Enquirer: 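First the structure, then my questions, so here it is.
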Amino acid sequence: MLNKTETEKTNFRYNLLNTFIYIFGIILIVQLFNLQIMHGKEYRETSNTKLTKEAVVEAARGKILDRTGTILAETEMGFNVELFKTKATEEEMNNSMMVLSEILERNGDKYIDNFPISIEPFEYHFKDEEALNDWREEFKISSKASAEEAFYVMKDYYGVKVDDLATARKIVGLRYTIEDKGYSSTTALELASSVSRNSAIEIDERGEELPGISIEVKSNRVYTQGSLASHVLGYIGRINQDEYNANPDKYDKNDYIGKTGIEYLFEDYLRGQNGTKQIDMTVDGTMAGEYITKEAVGGSNVVLTIDANLQVITENALRNNIEKIKAGGFGESYNALGGSVVVMNVKTGEVLAMVSCPDYEPGEFLNGISQAKLDEYNSNSALLNRTIQGTYAPGSIFKMVTSIAGLQEGVITTSEKINDTGVYPKGSQPHCWIYDRFHYGHGYINVSQALEKSCNYYFYETGSRLGLEKLSAYANYFGLGRKTGIELPYEASGTLASPQTAERLNDTAPESTLLSASIGQSYNDFSPIQVAKYISMIANRGAVVNPTIIKNVVDSDGKQVPKAELESFVQNKLGLGAKDTDSLQISDENMNAVLDGMRGVTDDNGTAAAIFNGFGIAVGGKTGSTESGTYDQYGNEIVNAWFVGFAPFDNPEIAVVGMVENGWHGSYVAEVVRDIISEYFGMNIQEVNEDVTASPEVEFIR
């Protein structure tokens with residue numbers, strides 16, 4: 001039992017607690033009376049006119065730099081046009097879209113327009129016939145409706161009363177885009193990015209005519225060097241529905257995402273992590289305040305092995321060469337269609353320059369590329385990265401494989417001479433190219449001389465002695481006909497003439513296939529990057545070389561991402577296996593014989609001697625010209641031209657591979673390689689005495 005003193009203490013605590021509860025209750029009642037009775041109307045009006053929305057704090061996308069630190073792609077602060085849903089009427093909405101389009105177009109700015117019908121003067125066109133079925137079903141448009149009929153259905157659907165067709169099309173285009181992308185009173189839709197300051201000022205000043213439209217300052221992608229290395233960098237564009245559906249927790253519908261090149265492959269590193277902020281605003285769109293709730297983390301920087309200066313030189317050299325071939329600068333004009341060049345460090349496999357021509361402007365895709373520009377790019381395959389996606393018969397540049405295989409397998413020796421009589425007696429009795437021109441052969445020649453003269457007969461005989469299985473095994477070792485694993489998406493595998501390929505294609509003339517494969521024809525189709533690996537390994541005396549275009553990746557804290565992590569990431573994303581590690585042990589005698597033959601190509605009376613006449617540095621090289629089996633719009637067969645080379649001959653540093661579609665003569669493309677080597681080593685190409693009147697030697701096989 002409690003004594004008297006303890007009982008008194010307990011009662012005191014109980015009474016004190018009750019007193020506090022009563023006082024707190026009285027205060028609460030008074031405050032509620034104040035909120036609901038005294039100021040209730042005021043607070044209700046305030047709450048009805050304010051909204052709170054959560055917005056993304058966009059992380060700055062990482063930079064892409066060349067090996068020297070030159071910035072190729074970065075983000076800059078710019079003005080973006082955003083739209084929040086308001087209580088605007090249909091007429092007010094249409095008028096605001098008209099005003100907005102006029103402002104942006106007057107200042108040369110682009111905006112999103114996903115509407116699938118274009119109107120040229122008095123002509124209506126569907127942009128993409130294949131993607132129209134769902135659209136027609138959604139808006140209950142007959143599948144038999146013409147583009148003009150469909151447009152007027154949509155014009156009525158959005159209540160557009162404007163008579164001028166061009167203006168009506170702009171309004172319909174923006175209204176459709178808004179409906180297609182979706183927006184709300186708390187989630188904005190981005191209608192345009194990187195607009196000019198003039199547009200931003202005018203939109204701000206005319207806010208009363210543009211309900212829900214505001215200017216946001218955001219980071220936008222900028223390709224600082226224009227089209228330089230466009231196929232390497234790739235581009236970013238607005239996320240499409242499939243991309244969003246695949247990662248709904250990672251992206252929102254306003255996001256930009258890497259589409260091709262480095263931008264695509266290293267999206268996870270470049271993107272960074274977005275933050276969030278809370279914005280208080282009135283229902284009419286006036287901002288009342290904002291604060292950060294989660295900080296953004298910038299993306300990692302990707303450093304390439306590319307040298308921007310050498311890239312410029314290489315792009316110019318290839319473009320000039322293509323134009324020279326077209327203009328008949330080598331004697332006769334040919335309609336050169338495009339080309340590619342790869343410059344590679346023969347020791348490390350680092351790609352120093354990678355060019356595909358024609359190229360494109362990555363910035364064109366930021367706000368949605370125009371149909372006219374896209375048609376232009378598609379007409380000449382400008383979006384195709386010919387260095388990794390284009391595959392072509394190698395022709396005579398393959399003959400080093402046949403030489404090494406024959407020497408290593410002992411079916412020929414460095415001293416043996418084979419008599420080229422002009423017409424090879426086996427198979428379909430193919431001719432040596434010189435017989436087709438002069439009706440005689442090269443006579444007795446050894447392997448070095450055969451490479452120098454590009455004698456088809458010699459390599460027919462070598463291939464016949466080898467067999468296709470052994471020949472293809474050596475080609476496979478050099479990485480031909482399979483992906484190199486370079487850190488770029490969409491690399492083509494190509495095709496290697498092998499017993500497996502012949503069986504798969506139901507080959508009915510195996511002997512002719514072997515002979516043709518021995519001089520780089522038959523089923524052989526390789527990409528320029530594969531050929532660059534192959535030539536680098538030749539220059540490296542057979543040691544394995546794996547192409548790479550990534551120097552390192554540096555995160556936002558300045559730490560380099562471990563190489564092992566990057567290799568694993570690339571292999572998983574591209575679905576590749578481990579890179580080559582085994583080197584072929586080629587005897588010095590055999591290797592020297594092949595290299596001497598390549599030296600002879602650019603010296604004395606070789607197939608590219610005229611181009612390298614008086615050149616100040618020794619170069620090993622090889623020409624190649626191959627009939628493609630395809631034809632241009634005039635019905636002329638396309639003949640692709642190759643030149644591959646490395647320098648300096650005695651201690652090689654770089655390999656250069658050049659290919660021109662419909663360039664006709666490998667010796668023509670040798671000029672590209674010569675000029676790049678000249679610039680790389682700081683030579684004065686004005687001192688080169690080029691004999692452009694010399695007849696090029698061309699090897700064809702049907």
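As the structure is a prediction and not an experimental result, all values here were calculated from the model.
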Enquirer: Which word best sums up how the rings of F615 and F612 line up, parallel for under 30°, tilted for 30 to 60°, or perpendicular for over 60°?
Expert: perpendicular

Enquirer: Between K483 and E491, is there a side-chain N and carboxylate O pair less than 4.0 Å apart?
Expert: no

Enquirer: Could you give me the CA-CA distance, side-chain angles and deciding distance for Y680 and E653, then say whether side chain to side chain contact (heavy atoms under 4.5 Å, CB included) is met?
Expert: CA-CA 10 Å; Y680 179 85; E653 293 183 30; 3.5 Å; yes

Enquirer: Does a side chain donor of either W664 or N662 reach within less than 3.5 Å of an acceptor in the other side chain?
Expert: yes

Enquirer: What pair of heavy atoms forms the shortest contact from A641 to G663, and how long is it?
Expert: CB-C, 3.7 Å

Enquirer: Could you tell me whether the side chain of T495 reaches within less than 4.5 Å of the side chain of N524, counting heavy atoms only?
Expert: no

Enquirer: Decide yes or no on salt bridge (charged side-chain N to carboxylate O under 4.0 Å, His left out) for K373 and E361, but give the supporting numbers first.
Expert: CA-CA 10 Å; K373 179 59 71 172; E361 292 282 350; over 6 Å; no

Enquirer: Are the aromatic ring centres of Y534 and F398 under 6.0 angstrom apart?
Expert: no

Enquirer: Are the aromatic ring centres of H442 and Y458 under 6.0 angstrom apart?
Expert: no

Enquirer: Applying side chain to side chain contact (heavy atoms under 4.5 Å, CB included), run through V343 and Q311 and close with a yes or a no.
Expert: CA-CA 9 Å; V343 184; Q311 182 77 16; over 6 Å; no

Enquirer: Are T581 and V544 packed together at the side-chain level, in the sense that at least one heavy-atom pair is separated by less than 4.5 angstrom?
Expert: no

Enquirer: Can you tell me how far the CZ atom of R386 sits from the OG atom of S527, to the nearest 0.5 Å?
Expert: 13.5 Å

Enquirer: Any Lys/Arg nitrogen of D588 or R541 sitting under 4.0 Å from an Asp/Glu carboxylate oxygen of the other?
Expert: yes

Enquirer: Under a 4.5 Å cut-off applied to non-hydrogen side-chain atoms, are S454 and K622 in contact?
Expert: yes

Enquirer: One thing to verify: whether R61 and E263 come together as a salt bridge, which I'm taking to mean a side-chain N less than 4.0 angstrom from a carboxylate O.
Expert: yes

Enquirer: Strictly below 4.0 Å, N to O, side chains only: are E567 and K579 in salt-bridge contact?
Expert: no

Enquirer: Is the NZ atom of K259 crowded by more than 12 outside heavy atoms at less than 6.0 Å?
Expert: yes

Enquirer: Determine the interplanar angle of the Y668 and Y334 rings, folded into 0 to 90°, and report it as parallel if under 30°, tilted if 30 to 60°, perpendicular if over 60°.
Expert: tilted

Enquirer: Under 4.5 Å between any side-chain heavy atoms of T462 and K399, yes or no?
Expert: no

Enquirer: For residues 302-310, dump all side-chain donor-acceptor pairs below 3.5 Å to protein atoms at least two apart in sequence or in another chain.
Expert:
residue : atom : partner : partner atom : Å
T305    : OG1  : V351    : N            : 3.4
T305    : OG1  : V351    : O            : 2.6
T305    : OG1  : T548    : O            : 3.4
D307    : OD1  : N309    : N            : 3.0
D307    : OD1  : L310    : N            : 3.0

Enquirer: Taking the inter-plane angle between the rings of F365 and Y235 on a 0 to 90° scale, is it parallel (under 30°), tilted (30 to 60°) or perpendicular (over 60°)?
Expert: parallel

Enquirer: Just checking, is any N or O donor in the side chain of D359 or S227 under 3.5 Å from an acceptor N or O on the other one?
Expert: yes

Enquirer: Of the non-hydrogen atoms in S356 and L384, which two are nearest, and what is the gap between them?
Expert: OG-O, 3.1 Å

Enquirer: Does K573 qualify as a cation-pi partner of F266, given the criterion of NZ or CZ under 6.0 Å from the six-membered ring centre and within 45 degrees of its axis?
Expert: no

Enquirer: Charged N to carboxylate O below 4.0 Å: is that the case for D580 and K533?
Expert: yes

Enquirer: Can we say E452 and R599 salt-bridge, meaning some charged N sits less than 4.0 Å from an Asp/Glu carboxylate O?
Expert: no

